[in-house]
Amino acid sequence: MKIALIPGDGIGPEIIKQALKVLDAVSNKYNVEFTYEEVLMGGIAIDETGVPLPEETLKVCKKSDAVLLGAVGGEKWDNLPGHLRPETGLLGLRKALGVFANLRPAILFPQLKEASTLKEEVLGDGLNVMVVRELTGGLYFGEKKRVGQGNSQKAWDTMIYSVEEIERITRVAFELAMNRNKKLTSVDKANVLESSRLWREVVTKVAEDYPEVTVNHMYVDNAAMQLIRNPKQFDVIVTENMFGDILSDEASMLTGSLGMLPSASLGKENPGLYEPVHGSAPDIAGQDKANPIATIMSVAMMLRHSGGMEDAARDIENAVSKVLDMGYRTGDIMQPGMKQVGTEKMGELIAGEI
Ligand code: IPM
Ligand code: MG
C-alpha cells in the first residue's frame, strides 16, 4: 500500500510517528508492505515553499492509495491572507482529492466513561455515533468576498449546494446506516436557510431507496442540544460542511477527549484522506503530551476503507482498547488511579499489543 504522509505542523509530526509504529506492527503481523512518501502541507509548506499546498504534494497524494495527515496550522501563520493560510492548504487538498464524505465516528470506550464531561447516566454503557460531514461544498467552498475599506467594509461567505452534492453524501450516509442501526438523522436549518430546504428535499427523496432506514430531520441548533441531552438517540448523522465541523467537535467530547476522534474522508475514486479530527495543538507541540489515539484510529480507518484490511483495522482498535484496559492514559484522558504516559509511550504500547 502506497501512503502519502503529511505530518504538518504542531503536534502533527509526533502523532504521525506513533501511527508509523502501528503500521510497522501491522506490516510484520500480516506480512504486507507499506511504502511512504512524506510531503509538505500547511505552515511548514508555507515556510519552505511559500504556499500551503505545493503542486508536488498534490501530485504525490493523487498517485498514492491513501493520504495520512497529522494536523496543520498555528499562530505563526494566523495573520497571513486567507489564500496563504495553512487551513487553505487542507481545504484545497480535500477539494482536489474530491473527498466529499467525511466520516467522523464518535465512539466512547467504556474505559473512558469518567473522562467524558457528561454524566454516566447520559452515556449509558457506551456510545457510537457516526457523524457524516459533507466536506467539499457548502459554506466552506461557496463564494466569499470582502469589499470596502475600514469601517465601511462588508464580507460574505455563501452556503451553496447542488442536488448532486447533497444526493451523493446522503447515499453514503444511508449505506452506513444500513450496516449499523438503520437510523439516520439529517441535520439542517431548513426553518431559515434555502440551501437547507433543498437539502431536506433531497434527503427525503433518497430515503425512498432505503425503506429500512428510519429517517428524521433535525435543526442544527436542536441537534447541538440533543447531542448533549440524549446522545444515545443518534446512530448516523448527515449534515452540511460547517454544521458537521461544529457538531463533530461537540460529539468528540462524548468520547472523553477530542484526542480520541479519527476521521476518514472518501471520494469516488481518488485516495482517501485520513486525519484526526483535532488540530495542531501548538501549545503542547514537541512536549510528548499529545494523545496519538485519534491518529492511530485514523490508521485503522485507512486500512479498512482504502486497504481492504478489515482484520488489521480491528486489531488496531482492539489494541487501543487493551491499552486503555491496562490503565494507560495520556494527559487529556487521565483519571485518578490510572498510569499517565506520553505520546511516544502510548504509541509504543498500542503497537506492542498488535
Ligand atoms: C476540521 C478542522 C478543519 C475544518 C480546519 C483546520 C480547516 O476544524 O477538520 O474539523 O474546519 O474542516
Ligand atoms: Mg473542526
Side-chain angles (χ1 to χ4, degrees), residues 6-13 15-16 40-46 51-53 57 61 67-106 129-142 144 157-159 161 165 169 187 220 223-224 227 237-255 257-267 272-283 285 290-291 294-295 297-298 301-302 332:
I6 308 180
D9 309 315
I11 59 170
I15 53 179
I16 286 292
L40 297 173
M41 194 189 62
I44 186 175
I46 297 172
V51 290
L53 178 62
T57 296
C61 290
V67 181
L68 183 61
L69 165 69
V72 296
E75 216 174 298
K76 180 175 173 198
W77 307 281
D78 273 352
N79 293 317
L80 293 170
H83 70 284
L84 282 181
R85 289 185 58 116
E87 291 82 357
T88 306
L90 176 57
L91 299 185
L93 180 66
R94 290 171 176 170
K95 190 79 174 175
L97 293 179
V99 288
F100 63 89
N102 184 211
L103 279 43
R104 299 189 155 185
V129 180
M130 176 67 90
V131 179
V132 180
R133 169 188 178 193
E134 200 291 326
L135 201 62
T136 54
L139 193 56
Y140 273 46
F141 290 94
K144 60 177 92 230
D157 300 273
T158 320
M159 192 185 283
Y161 272 111
E165 285 173 308
I169 188 73
V187 172
V220 63
L227 261 176
I237 293 174
V238 63
T239 192
E240 188 271 342
N241 202 342
M242 172 93 175
F243 297 161
D245 178 44
I246 297 169
L247 292 179
S248 59
D249 265 33
E250 192 189 358
S252 76
M253 272 322 286
L254 307 173
T255 74
S257 165
L258 188 50
M260 298 296 295
L261 222 67
S263 86
S265 305
L266 310 172
L273 170 64
Y274 300 85
E275 51 173 317
V277 169
H278 62 70
S280 59
D283 52 320
N291 183 350
T295 311
M297 298 282 280
S298 301
M301 294 188 90
M302 175 175 86
D332 57 319

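In this text the structure is predicted, and so the values were computed from the model without any measurement. Ligands are counted one by one from 1 in listed order, and the atoms in each one are counted from 1 as well.
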| request: For a side-chain contact (heavy atoms from CB on, under 4.5 Å) with Tyr274, tell me which candidate from Leu266, Val67, Leu69 qualifies. | output: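 Answer after filtering Leu266, Val67, Leu69: Leu266.
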| field | Shortest protein heavy-atom distance from atom 12 (O) of ligand 1, along with the residue and atom involved | value |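 Heavy-atom neighbour on the protein nearest atom 12 (O) of ligand 1: Arg94 NH1, 2.7 Å.
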| If we only count N/O pairs under 3.5 Å, is Asp249 in contact with ligand 1? |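 Not met; the criterion fails.
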| message | Below the 3.5 angstrom mark, is there an N/O of Asp245, backbone or side chain, next to an N/O of ligand 1? | response |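 For ligand 1, there is an N or O atom that lies under 3.5 Å from one belonging to Asp245.
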| Name of the Asp245 N, O or S atom nearest the Mg ion (ligand 2)? |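 This turns out to be OD1.
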| message | Counting C-beta onward and ignoring hydrogens, is there a side-chain heavy-atom pair between Ser248 and Asn102 closer than 4.5 Å? | response |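 A side-chain contact is absent here, since even the closest heavy-atom pair is not under 4.5 Å.
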| field | pair Leu135-Asn241: side-chain heavy atoms closer than 4.5 Å | value |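 A side-chain contact exists here, since the closest heavy-atom pair is under 4.5 Å.
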| query | To the nearest 0.5 Å, how far apart are CG in Asp157 and OH in Tyr140? | reply |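 Spacing of CG (Asp157) from OH (Tyr140) equals 10.5 Å.
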| said: Please determine whether Asp249 has a backbone or side-chain N, O or S atom lying under 2.8 Å from the Mg ion (ligand 2). | reply: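 Coordinating: no.
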| query | Which atoms from ligand 1 have a heavy atom of Tyr140 less than 4.0 Å away? | reply |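 Numbered from 1, ligand 1 contributes 4 (C), 11 (O), 12 (O).
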| query | Quick one: which ligand 1 atoms are inside 4.0 Å of a heavy atom on Glu87? | reply |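 Taking each heavy atom of Glu87 in turn, ligand 1 has 6 (C), 7 (C) under 4.0 Å.
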| request: Please name the pair of heavy atoms, one in Glu165 and one in Thr136, separated by the smallest distance, quoted to 0.1 Å. | output: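 Between these two residues, the closest heavy atoms are OE2-O, 4.3 Å.
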